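Since the structure comes first, as structure tokens, the remarks are kept for the end.
Numbered from 1 within each chain, the chains take letters A, B, ... in sequence-line order. What you are looking at is a predicted structure, and each value in this text was computed from that prediction instead of being measured.
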Amino acid sequence: PTMNTCCAVLLEMGWKVKANDRAYHQLPEFQKKVFLCIKKSRYSGNAIKTYKYNALTFIPLNLYEQFKRVANVYFLALLILQIIPDITTLPWYTTLIPLVVVLGITAIKDLVDDLARHRMDKEINNRKTEVLLDGRFESAKWRDVQVGDVVRLKKNDFIPADILMLSSSNPNSLCYVETAELDGFDPLTLNCVGLTGLIECEEPNNRLDKFIGTMLWNRERYPLDLDNMLLRGCKIRNTDVCHGLVIFAGADTKIMKNGGKTRFKRTKIDELMNYMVYTIFALLVLVAAGLAIGHTFWYDQIGAKAWYLFDGKGYSASHRGFLSFWGYIIVLNTMVPISLYVSVEVIRLGQSKFINWDLQMYYADKDTPAKARTTTLNEQLGQIEYIFSDKTGTLTQNIMQFKKCTIAGRSYADLSARVFQPVDWSWNRYADKMFQFMDHSLVATVRSGKDKDAMEFFKLLSLCHTVMVDEDMVYQAASPDEGALVTAARNFGYVFLNRTQDTITIQEGDKENSYEMLALLDFNSDRKRMSIILRFPDGRIRLYCKGADTVIYERLSAESKHTKSTQTALDIFANETLRTLCLCYKDISAGEYEAWERRHKEAQVVLADRDAALDRVYEDIEKNLMLIGATAIEDKLQDGVPETIAKLAKADIKIWVLTGDKKETAENIGYSCSLLTDDMQIHYGEDVKSVPLTTRRVQPQSNRPGKRKPADPFFTQTGKNALIITGGWLNEILYEKKKKRRRLRLRRLGRRLPPSSPQDGQPMNDWEKEQRQVDFVDMACECEAVICCRVTPKQKANVVSLVKKYKKAVTLSIGDGANDVNMIKTADIGVGISGQEGMQAVMSSDYAFAQFRYLERLLLVHGRWSYIRMCKFLRFFFFKNFAFTLVHFWFSFFSGYSSQVNWFITLYNLCYSSLPVLLVGLLDQDVNDKLSLRFPKLYLPGQQGSLFNYKNFFISLFHGIFVSLIIFFIPYGAFLQTMGQDGEAPSDYQSFAVVTASSLIFIVNLQISLDTSYWTFVNCFAVLGSIAIYFGIMFDIHSAGIHVIFPAYFTFTGAASNALRQPYLWLTIVLTVGISLLPVICIQFLSKTIWPSVGDQVRSRREEKAPAFQRGRRSRRSGYAFSHSQGYADLISSGRSIRRKPTGRAGLQQSIREVPHAENI
Amino acid sequence: MQKKENQEVENRPDNTAFTQQRLPAWQPILSAGIVIPLFVLVGLAFIGIGVALFVTSRNLHVLEVWKNNLLWLNMALYVFFSPQGPVFFYYGLTNYFQNQRAYGVSKDYNQLSGDLDYFTFFFSIVPDSTCKPYRYDVNNKPIVPCGSLANSMFNDTFNLYQMKNGVKEEVPLDGKGISWWTDYNIKYRNPSVNPLRNAFNGTVKPLYWSKPAYELDPTDTANNGFINQDFLVWMRRSALPNFRKLYRRITDGLPAGNYSLEISYNYPVIAFDGKKKVAFSNVSWMGGKNEFLGIAYLVIGSLCLVMSVVMLIIYAKFKFPEED
């Protein structure tokens, strides 16, 4: 950047940092008001504070937080209602005890979380780093680091703050942070001690991909950008020592700015549950109002005349009705269950733990278990419809391997060779031991030195590239492809040793040769090739070129041999989804070169359209090429990716790959990971652009009112479709904001734009824009697979939110790098690949694990289970509270609409009925994990949300009503006119209560037993335990002892023993339980017989074998792909970072260290 | 090196059946082989129980007499059954809401358990405020026993005579042990003051009572005060608005014949459109006569059998054609 731009930006910059001057940052102008007149420096210290509470603030703050929840406020309101004597129908403790338990559990959970945060903070704040103090580097704790300090970092150190890199021990002044390499400041390399520079830069913000600033030093301004920054939380790699200046510390750092403000995600079920709770609440108000009206009439007709009920209050009937309304709200409050939310939390926490504990999602190589970072989204994992995946690092390992080649028409390392012993490289001291090659014959050919073509082939590979090398013989390549090729050449004995601005030195066999580099015709995406023109030691001038087959074949000389056989080999390689490059050469006479060079020089100084001019010049020389052969590189997929994708596709999950890569690369990967298959019709965004979008627009009105059929086809052909689009095309759909704003402004000025024709691709207004987006989403969602290439992080997020918005579908994003953060945060569920690159993706994710293939298990097993468990839990929970509460409702008709009470209400949800259903929510499995994986169709109910919706809710409601009717009216009929076996009348209130309560407990616990499909001893224990606890507590409460101690509170003395010794009452209970459960069993059986679900079928055919996974044959395609657009040509020709260094150092095992995977080897 | 290896697996989750969700489990399916036999068995069992209940109930006898609104009443009864064992004598009320909440809680348990502290006026705290408006009299003297429930105690008395050859012979009515054992022995206690009346100094009787609590049965100290059997029976409030309460036991049974029932009619029921009745019944293992449960069992049992057949047919229809 030139000085001008720096100064222009300067105006906006309010952040000033002075190196090595702590006092500067305390100046009054940098103070900000914190509280009243207390002022503090606006530069935070480097200590971080992520914890929420301390010892003093815990109780008030936590209570405040908890009472932000509507449910808790509701119960507090109930509690207050209960204190009003005229209203109270339940003693205050019936609400207080559950409320305290609920608040207590949540508080304990919060406390544990916060203690963990305290520990983390302490650990991080006490990490050591070296800070320049008084001219010396001294060890200091992270918390003591301040803005403006110069710090020294060593290899594998975590970076303590956002730091401007000043120097590094690496020769190119590059410093490696995970995978991203950063430029250091060359001019400043030496003198950190006396550094007094002033940095001016943007204020702290959360943009991880942006940084702008300038540095004023020695009266010169230097522009700074993100490439100069080391961000807190990353790790230094491959760099022994580097120095940096702290720009943002502590809470100001980009990662901290990012961390706190994660968007709060909720699941679909959460929303549904809330609506249901509102429904229940409305129902409650209705029921209470109905009963209150009933009470009013009752009082009018009967109550007022009943002298025995005289209470001296003299209220009118309607006043009593009003009071009884509130009384019923209190009594029936169990319809809106307080324990629901807590139980849901507990279940989710349990599910998250199971995810964390899963050994089959533990990646032993990196010692990385799966981690559920958010505990509130588990059941959503069972409802995923769209997966948005990053490519590099997620689907692929970002490791390129030289797999095969064809030289002079002969293919090497073909599968037909069937050699499974990798070549032994011990003869070559430069060889990279990690490099594996299967064909021994090629080595023999090269070593024998007889095959000129083979020698030329590897010579080309070792010369024609933009790779740079440091003194440890570590290659740094602009693209992993190049690295792979140069490494291959190195192993075959053509070792690239070093390069200067105009020479390249390689070792050929035993000799070391220097070649003069005359010109470097760098790669770009239009040219799809790169060339290098070299003067050989013997004076010959030769051009080496490598590039895409399509491009190279156009430029081959007519005399070029082996074109046919090479083409065949290329096709074979492409079918194996290998990336191919053609290699060729051309001899140039001195005269020819001089003529060309003149034109080249001219083109280099052309002012207008320099790139095009250069391209034309390049074109001149790159013709009449002689083909040598072709390489085939494997872009190594992560383990199990094709299988996972195929499995997920079978579960009707649509997978979109969003990548910054080129179209060819992406398509290639699409094939290799079986996202694209041969029976798919591939569509390209550019081709379909005008066709469907315009034809559809003709008839939107006619289409609108009716529901759009899902089959409303964009693609008329039957069969599978796939769509490949690019970022540029996407931009038209997403439509840049800027243009819109300008258009609006123009419109406001009254200058109406002439309506643009549909062909120019510019939507005319918001409606049309939206229509366009809808069309796009509809079209894309019709495809089995979608690949978006050349998309920016923002576009990735936009695509995700488009699908979310228009499809109302549950989306999942998976990625590993900082460029995926946006999309991870946007999707309903974000998954980060951990243990790879930086932790930014993981930090913003909801789930993190080490391998893409674990996604299969996360969704098909854990997600499915979580969803089924949660649905079962909710259905049952609603049922059990309806069944319980509505008994009161029926009783009201016979008690003059007065509400009734006892301890039972308090304990019902807490002790008697919660544990078994909680265990079902935690442990239930309808089918085990293996079957879940084997039959992906089992995943479908989750996507359709068919296990918990309003239909299920009302079924639960009616089931509850039915059971409550039985529970009330069977004892009613049995009790109406009867007496006990010893003549005492058992129809007293307390015996009646004991019978109904016991029936209810039996019914609820047996019903959950029916619903439990996975009976472990824990479930068994819980069901029996709940019943036992019920009887235990009941006999306790009804015992003589407790009445003697608290005569006023425990008044059911003897009720249980008196009631339950009578066979008649037991028979009543048995009948009640029978009538409640038998119809359920009958209906379940019949529906299973008549409309069996997939799950039922699987369960009944557990033993059957699944068909073996088969790979389809693939058709012939061009496999050309190259991962990056441009090499280091600029850097090389500028000569800035290339230094001569002693050659001949050997014995190194690794050549490519750019890839993070190499670290732990 | 060893240390490093340990670190390597530091994060490895435990391989236990629980953490891996592989707990040994039984996964039952509602298969035809279970459901249909279950229904048959349950149906048979229910029918069996139903028959037993029904037959037992049929063999029980109950004699219900509705009282009209005369104050003094001599009622002629003809008992045409002569059951063995004790016959129970009940009084009943209809349209009487003992299950009203405010009414039901209107008592002071501490007082009723004989705690003398609750016999006094103490800063408007005792007796319990639920006793309102039967808590204090106009002079702020505490009412003992306080509250609506006690206040409205049933106070009709009955005498039964057998007409033997035109001679009235009183049938002995046993009033002992007609309340719950726990009520009599635990829940309700007289203050341990002798004589009992001293404990009630400074208190007044409930407004509607004709005599104070310590005179409920002056003949028998074990049936006086709060542990008077009639009082206990009344205090055990009924769940439903039409109820019976046990009045006396006729130990020797009621031989068939003519009887005369003398009723001292004190308790007003006309005001709230209620009715009174008396009933005589004998009991069996299942208690008194009640055909509801027996019939319900029979109906449900039969339904189970019917459904098992229906299920069998449907199952056969949906399963077997596929396999052909």
Side-chain angles (χ1 to χ4, degrees), chain A residues 89 302 305-309 311-312 354 356-359 362 367-369 894-896 898-900 973-974 976-981 983-985 987-989 992 1013-1016 1040 1043 1047-1048 1051 1053-1054 1058 1062-1064 1067-1068 1071 1074-1075 1078 1081-1082 1084-1086 1088-1090 1099-1100, chain B residues 8-13 15 19-21 23 25-30 35 42 49 88 97 99-103 109-110 113 132-133 148 152 180 182-183 186-187 236-241 243-246 249 271-272 281 283 285-288 290 292-293 296-297 300 304 307 311 314-315 318:
Chain A
T89 40
I302 298 166
K305 292 186 225 156
W307 53 268
Y308 56 93
L309 295 176
D311 60 6
F354 280 127
N356 295 349
W357 285 332
D358 195 338
L359 264 179
Y362 166 76
D367 189 30
T368 323
F894 298 91
S895 67
S898 83
S899 22
Q900 306 289 331
L976 192 56
Q977 297 295 334
T978 195
M979 28 296 203
Q981 64 194 88
E984 291 157 8
S987 62
D988 74 284
Y989 172 69
F992 192 76
S1013 44
Y1014 192 74
W1015 271 92
T1016 64
H1043 176 78
T1051 60
T1053 312
N1058 223 309
Q1062 307 201 33
Y1064 185 77
L1067 287 176
T1068 313
L1071 183 70
I1075 297 181
L1078 288 172
I1081 298 178
C1082 182
Q1084 276 187 7
F1085 173 76
L1086 288 181
K1088 220 169 259 185
T1089 312
I1090 302 174
R1099 246 166 295 155
S1100 52
Chain B
E8 285 282 326
V9 294
E10 204 173 27
N11 297 322
R12 187 187 172 87
N15 187 9
T19 55
Q20 301 309 312
Q21 308 200 54
L23 284 177
W26 175 55
Q27 292 179 273
I29 311 173
L30 283 181
V35 174
V42 168
I49 296 172
F88 295 88
F97 289 83
N99 56 17
Q100 272 287 309
R101 193 186 59 83
Y103 173 81
Y109 279 105
N110 287 304
S113 60
K132 277 183 208 168
S148 307
S152 58
W180 284 18
T182 44
D183 286 351
I186 295 158
K187 207 167 162 186
R236 181 147 290 281
R237 61 201 182 98
S238 158
L240 301 168
F243 58 86
R244 294 179 195 174
K245 282 179 185 292
L246 183 57
R249 191 189 291 114
F272 55 86
S281 171
V283 298
W285 61 270
M286 60 164 275
N290 187 327
F292 174 85
L293 207 57
Y297 263 107
I300 301 299
C304 279
M307 278 321 290
M311 282 191 291
I314 291 178
Y315 178 75
F318 276 86

query = Crowded around B:Trp26 CH2? As in, over 12 foreign heavy atoms under 6.0 Å?
reply = no

key: Pi-cation contact, A:Tyr989 with B:Arg237 (under 6.0 Å, within 45°)   = yes

query = Side chain, backbone, both or neither: which part of B:Gln20 has a heavy atom under 4.5 Å from chain A?
reply = side chain

query = For the candidates A:Leu1086, A:Leu359, A:Leu1078, which exhibits the highest count of non-hydrogen atom pairs separated by less than 4.5 Å from chain B?
reply = A:Leu359

key: A:Thr1089: partners by side chain to side chain donor-acceptor pair (under 3.5 Å), with sequence neighbours left out   = none

Toward chain A, the part of B:Ile300 with a non-hydrogen atom under 4.5 Å = side chain

ask   = Taking A:Tyr1064 for the side chain and A:Ala974 for the main chain, is one N or O donor matched with an acceptor at less than 3.5 Å?
value = yes

message = With a 4.5 angstrom heavy-atom cut-off, is it the side chain or the backbone of B:Phe292 that approaches chain A, or both, or neither?
response = side chain

ask   = Checking B:Ser113 against chain A: side chain, backbone, both or neither under 4.5 Å from a heavy atom?
value = side chain

key: Part of A:Leu1067 within contact of chain B (heavy atom distance under 4.5 Å)   = both

inquiry  = Do the side chains of B:Arg12 and A:Asp367 get close enough for a salt bridge, i.e. N-O under 4.0 angstrom?
reply    = no

inquiry  = Tell me every residue that passes side chain to side chain donor-acceptor pair (under 3.5 Å) with A:Tyr308, counting only those two or more places apart in sequence or in another chain.
reply    = none

query = B:Met307 versus chain A, heavy atoms under 4.5 Å apart: side chain, backbone, both or neither?
reply = side chain

